[in-house]
Amino acid sequence: YYEPRTIHASSLSHGVHGVLAARLGMFERADAYCRRSLGMDLRDEMGNAAAGVHMAANGMNWSVMVRGYGGARPAGDRFLVEPRLPPRWSRLAFRLKWRGADFLVDVRRGEVVVSNAPSAGAALPLRLCGRDADVPPGGEARAPLG
């Protein structure tokens, strides 16, 4: 609804649209939005990079990767991981901390693995690709990636 009505005058707009497109599996659009968002500073997309970097846009670039393609976000009392790996990507990995857990999300073709660090201060209450798991420090959860 909003995409055709948005003029993208904000440096945050492309990143937000990239997150949503990635979560919806619209990889070509997500890629285009991500490239525009990354270009805020790399290619001076808005013609104002001389005034300083777009820190909030850089945060949105992180969000496109982690929240969009990685499908990672808090959801009530569990941490949700529902990755959407673009067809031409072979891997996406990132580390997060949430409620005392210190964990790695490793998305590869065919599988996603979430590993809670041995030094983590808490178990990770996880919902991984639709299934609940409680990952203790030093433990991991796996799910097929379809």
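Model, not experiment: these values are computed from the prediction.
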Taking every non-hydrogen atom, the tightest pair across [X] and [Y]:
{"X": "P118", "Y": "P137", "answer": "O-CB, 3.7 Å"}
{"X": "G18", "Y": "A30", "answer": "O-CB, 3.8 Å"}
{"X": "L124", "Y": "N116", "answer": "N-ND2, 3.6 Å"}
{"X": "A101", "Y": "A120", "answer": "CA-CB, 4.2 Å"}
{"X": "A57", "Y": "S37", "answer": "O-OG, 3.8 Å"}
{"X": "P74", "Y": "R67", "answer": "CD-NH1, 4.1 Å"}

For the pair D31 and R88, evaluate salt bridge (Lys or Arg N to Asp or Glu O under 4.0 Å) and give the outcome as yes or no after the intermediate values.
CA-CA 11 Å; D31 185 54; R88 69 176 192 270; 3.1 Å; yes

Side-chain heavy atoms of [X] within contact of [Y], under 4.5 Å:
{"X": "V112", "Y": "C129", "value": "yes"}
{"X": "C34", "Y": "M65", "value": "yes"}
{"X": "R73", "Y": "E82", "value": "yes"}
{"X": "L38", "Y": "M60", "value": "no"}
{"X": "V81", "Y": "P83", "value": "yes"}
{"X": "H17", "Y": "T6", "value": "yes"}

Please say yes or no: joined through hydrophobic side-chain contacts below 4.5 Å, possibly via intermediate residues, are [X] and [Y] part of one cluster?
{"X": "Y69", "Y": "V113", "result": "no"}
{"X": "L145", "Y": "L126", "result": "yes"}
{"X": "F27", "Y": "W89", "result": "yes"}
{"X": "V66", "Y": "V64", "result": "yes"}

Taking ILVMFWY side chains as joined if any heavy atoms are under 4.5 angstrom apart, and letting links pass through other members, which residues group with M26?
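Members alongside M26: L24.
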
Apply side chain to side chain contact (heavy atoms under 4.5 Å, CB included) to the pair L128 and F79, showing each step before the final yes or no.
CA-CA 8 Å; L128 178 60; F79 198 89; over 6 Å; no

Near R131 CZ, under 6.0 Å, is it more than 12 heavy atoms from other residues, nucleotides or ligands?
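Atom CZ in R131 is not packed in, count stays at 12 or less.
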
Would one find more than 12 heavy atoms of other residues, nucleotides or ligands at under 6.0 Å from atom CZ of R95?
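Counting neighbours around CZ of R95, more than 12 heavy atoms of other residues, nucleotides or ligands fall under 6.0 Å, so yes.
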
What orientation do H14 and Y33 show, parallel under 30°, tilted 30 to 60°, or perpendicular over 60°?
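Rings of H14 and Y33: tilted, 30 to 60°.
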
Answer yes if the ring centres of W62 and F94 are under 6.0 angstrom apart, and no otherwise.
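For W62 and F94, the ring centres are not under 6.0 Å apart.
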
Could you tell me the separation between the CZ atom of R91 and the CZ atom of R108, rounded to the nearest 0.5 Å?
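If I round to the nearest 0.5 Å, the distance is 3.5 Å.
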
Just verifying a value: how many Å separate D102 CG and S115 OG, rounded to the nearest 0.5 Å?
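Output value for this atom pair is 11.0 Å.
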
I'd like to know if D106 and R142 make a salt bridge, using a cut-off of under 4.0 Å between side-chain N and carboxylate O.
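Looking at R142 together with D106, the answer is no, because their closest N to O distance does not fall below 4.0 Å.
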
Keeping the roles fixed (side chain from R36, backbone from A32), state whether a donor-acceptor pair exists under 3.5 Å.
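Flag not set: sc R36 to bb A32 has no pair under 3.5 Å.
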
Backbone N/O of P125 and side chain of D132: donor-acceptor pair under 3.5 Å:
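The answer is no, because no donor-acceptor pair under 3.5 Å joins these two groups.
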
Partner residues of R29 under the salt bridge (charged side-chain N to carboxylate O under 4.0 Å, His left out) criterion, sequence neighbours left out
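Checked R29 against salt bridge (charged side-chain N to carboxylate O under 4.0 Å, His left out); zero matches.
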
